[in-house]
There are 2 protein chains.
Amino acid sequence: MAVTIRDIARLSGTSIAAVSRVLNGQAGVRPLKRESILRVARDLGYIPNRGARNLAMQRTHIIGVIASDLSNPNYIDFIQHVENLGRKRDYQILIAASNMKHEREVANVATMLEHRADGLLIFPVGEFGLALNADHFMALWLNRTPFVIHGAVQRGAFDAVCMDEEELGYVIGKHLTDFGHKRLAVAGSPFNSETARQRYAGFQRAATEAGARIVCDDLAFEAGEHDLTGVHGDFWRARFQEPGRPTALFTFSDTYALCFYNFLRNLGFAIPDDISIASVGNEPFSAFLSPPLTTADPRIGERARLGMKMLLERIETPGAPPVVQDLQYEFIPRESTGPCQHGS
Amino acid sequence: MAVTIRDIARLSGTSIAAVSRVLNGQAGVRPLKRESILRVARDLGYIPNRGARNLAMQRTHIIGVIASDLSNPNYIDFIQHVENLGRKRDYQILIAASNMKHEREVANVATMLEHRADGLLIFPVGEFGLALNADHFMALWLNRTPFVIHGAVQRGAFDAVCMDEEELGYVIGKHLTDFGHKRLAVAGSPFNSETARQRYAGFQRAATEAGARIVCDDLAFEAGEHDLTGVHGDFWRARFQEPGRPTALFTFSDTYALCFYNFLRNLGFAIPDDISIASVGNEPFSAFLSPPLTTADPRIGERARLGMKMLLERIETPGAPPVVQDLQYEFIPRESTGPCQHGS
DNA sequence: GTGAAAGCGCTAACAA
DNA sequence: TTGTTAGCGCTTTCAC
């Protein structure tokens, strides 16, 4: 078995209490003893047992992160930030992935509870406005477990940091209509339909304000259909070859945008002269595309920071009412968007 | 405080031993009692305390993953796979990132030990053939902590899964020389210099075999210099504008490749007609570039599977000698490479 | 089949 | 300043 404080106590001829004090840097031990204890500990290669410590202290210094979908690179970023922030406060992070399954999410919440995580950071699988139930979050709340949700679940009921998707849609829309585009298109995935709905609404708002129109949209991409072969390709080919085709396109991810780069080029369109493309994601590659992609940065680092801050506050002040923080995307205009050169 | 088995025992008029048995699905409790215990547990909303359980059982069911650099999307993939594999065996995964710092790695190993992780999966910061020291791994080994290293540290001394970098270099080199290229170039980063060295060696071998030459290389990229502005840009501009310029380029990451796409196009080169580009990484975007990028897949899923398998075996058989498994990249030829159209 | 009791390694109150 | 002791929540012998 591993060496324990009891061993140290025995070998340095003192009590486990003294050892515990020294190891935790507490005062009340004569320097001589302290020295000796420290030395014995080192010689023995003592490694404290956090589990035992946690049990005794009723505090784990563990923060659980439940990600809906680890395959999304943004989460990695997030985790990396949380990891860094956590370390400063001596928190360890425990990760669980829900793989976009509601039941996995419920199970993950349970697991974190079993580990007695001091707090949870959750990317919910669905931002289900009303449909799917959020009982597991409700239970957490009643349970007084500190947690903050990243996304819009039962807005106002729990601590949450939300991206302002409506505003994003509006900003992109305005950027495009300011360039004179009148016929717009939207391509997105149905994930987090609430997110999609809000983006669309903001985009619509900008269009309306400018007397422009969303002439076509396709919000039904599934993963793996990114390449625009199959029905989605057929759909878009038709849209771009008929009269009154869109002159500007808003894609809901940089990878989509990239697919459209290829797709539209093969159709003989130049970007941005024939078609402007704006996106969301700001993935590392998007600055290097030709032309560099106009997109919006999700500010993952900021989200992580904010989420951690809220969580730590909640841990310290369990009683307070729920807090909701809104965050804006950072719009990054580049060269894939430009003045409208076609159409009315 | 949370409800404990003691509470359950009291309310169902029995002993904690019986409760423990029932909760762990062990036999030896009369069905009636079992029912009653289960019901009380549910009614009370009992949540087992893993920490306490671990302490008593001297086993945590935690697998620690120490990643050198979480910002690399490949690790995310890896973590995702490990997470999935672990769940099946009821393992939880604990993550720590070393941010490419040797001292962080050492600290992370210590932390995992403090958590008494049952096993560790480690991506070392440096695959330091000899330079940096691997004392912390040696300590783990002596400590009999099960761990497997992903990469080539002290090959043969510890359990490890290694990618065959030499072979990768050779395959890429052969692919290029088979197309008739005689003047080759290499662009890579110095990270994991051992990796770079091996890739280069394999590439060199293929070149020599085919009577081709590596006419220039630049292995000194740092993060953030991907965009080929500054000195690296100057270097490469010169190389491509002088006589005897390379006709094929091997980049050590897809992102590099993408940068060269831009860079070389701006210099007036067509891909692959004027210059072939092959890479490693197979990132999601690389299939969608135009032309689609010839690259090699790091087979992260396979690595995760193999690593987990080895780790679980080590956990079960602590005494066995170290095992080293080699894994090949999967070469994926696409359209960024083609027949040599210039030069001898 | 059942339960009392002894830990697991640590912290913290209390007494000395 | 020190050491003794009673837990933290759970598992697991061992006697009944």
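Residue pairs meeting the salt bridge (Lys or Arg N to Asp or Glu O under 4.0 Å) criterion with at least one member in residues 36-54 of chain B, sequence neighbours excluded: A/Glu114-B/Arg50. Counting only residues at least two apart or in different chains, ring-ring contact (aromatic ring centres under 6.0 Å, His included) contacts with residues 50-71 of chain B comprise B/His61-B/Tyr91. Note on residues 17-37 of chain A: no pairs pass ring-ring contact (aromatic ring centres under 6.0 Å, His included), not counting sequence neighbours. Residue pairs meeting the salt bridge (Lys or Arg N to Asp or Glu O under 4.0 Å) criterion with at least one member in residues 147-157 of chain B, sequence neighbours excluded, are B/Arg155-B/Asp326.
Regarding A/Leu55, its CG atom lies at a distance of 17 Å from the P atom of C/dG7, rounded to whole Å. Between A/Ile47 atom CD1 and C/dC8 atom P there is a gap of 18 Å when expressed in whole angstrom units. Separating the CZ atom of B/Arg116 from the P atom of C/dC10 is a distance of 7 Å, rounded to the nearest angstrom. The interatomic distance linking A/Ile8 (CD1) with D/dT2 (P) rounds to 16 Å, in whole Å. In this structure, the CG atom of A/Asn54 is 11 Å from the C1' atom of C/dG9, given to the nearest Å. Distance CG (A/Asn49) to C1' (C/dG7): 14 Å, rounded to an integer number of Å. The distance between atom CZ of A/Arg50 and atom C1' of C/dC8, rounded to the nearest whole Å, is 18 Å. Atom P of nucleotide C/dG3 and atom CZ of B/Arg6 are separated by 14 Å, given to the nearest angstrom.
Evaluation of the ring pair (Phe, Tyr, Trp, His ring centres under 6.0 Å) rule for B/Phe123 yields B/Tyr75, B/Phe78, B/His150 as partners, not counting sequence neighbours. Applying the side-chain contact (heavy atoms from CB on, under 4.5 Å) rule to B/Arg34 yields the partners B/Val22, B/Val29, B/Leu38; only residues at least two apart in sequence or on another chain are considered. B/Ser36 is linked by a side-chain hydrogen bond (donor to acceptor under 3.5 Å, both in side chains) to nothing, counting only residues two or more places apart in sequence or in another chain. Scanning for side-chain hydrogen bond (donor to acceptor under 3.5 Å, both in side chains) contacts around B/Asn49 gives an empty result, with sequence neighbours left out. Partners of B/Arg116 under the side-chain hydrogen bond (donor to acceptor under 3.5 Å, both in side chains) rule, at least two apart in sequence or in another chain, do not exist in this structure.
Taking all atoms of both residues into account, the shortest heavy-atom contact from B/Leu85 to B/Arg305 is CD1-CA, 3.6 Å.
The end-to-end axis angle of the helix from C/dG1-D/dC16 to C/dA16-D/dT1, rounded to 10 degrees and based on five pairs per end, is 50°.
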Its contact letters, B for base, S for sugar-phosphate only and - for none at protein heavy atoms under 4.0 Å, make nucleotides 11-16 of chain D read BBB---
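Contacts between residues 30-38 of chain A and DNA chain D, counted as heavy-atom distances below 4.0 Å, involve A/Arg30, A/Lys33.
An OP1 or OP2 oxygen of D/dG3 is reached within less than 4.0 angstrom by a side-chain nitrogen or oxygen of A/Thr14. Remark: A/Gln58 is in phosphate contact with D/dG9, judged by side-chain N or O atoms under 4.0 Å from OP1 or OP2. Put simply, B/Thr4 has no side-chain N or O that comes within less than 4.0 Å of OP1 or OP2 on D/dG9.
Aromatic ring pairs are classed by plane angle as parallel below 30°, tilted from 30° to 60° and perpendicular above 60°; the pair A/His102 and A/His136 is perpendicular.
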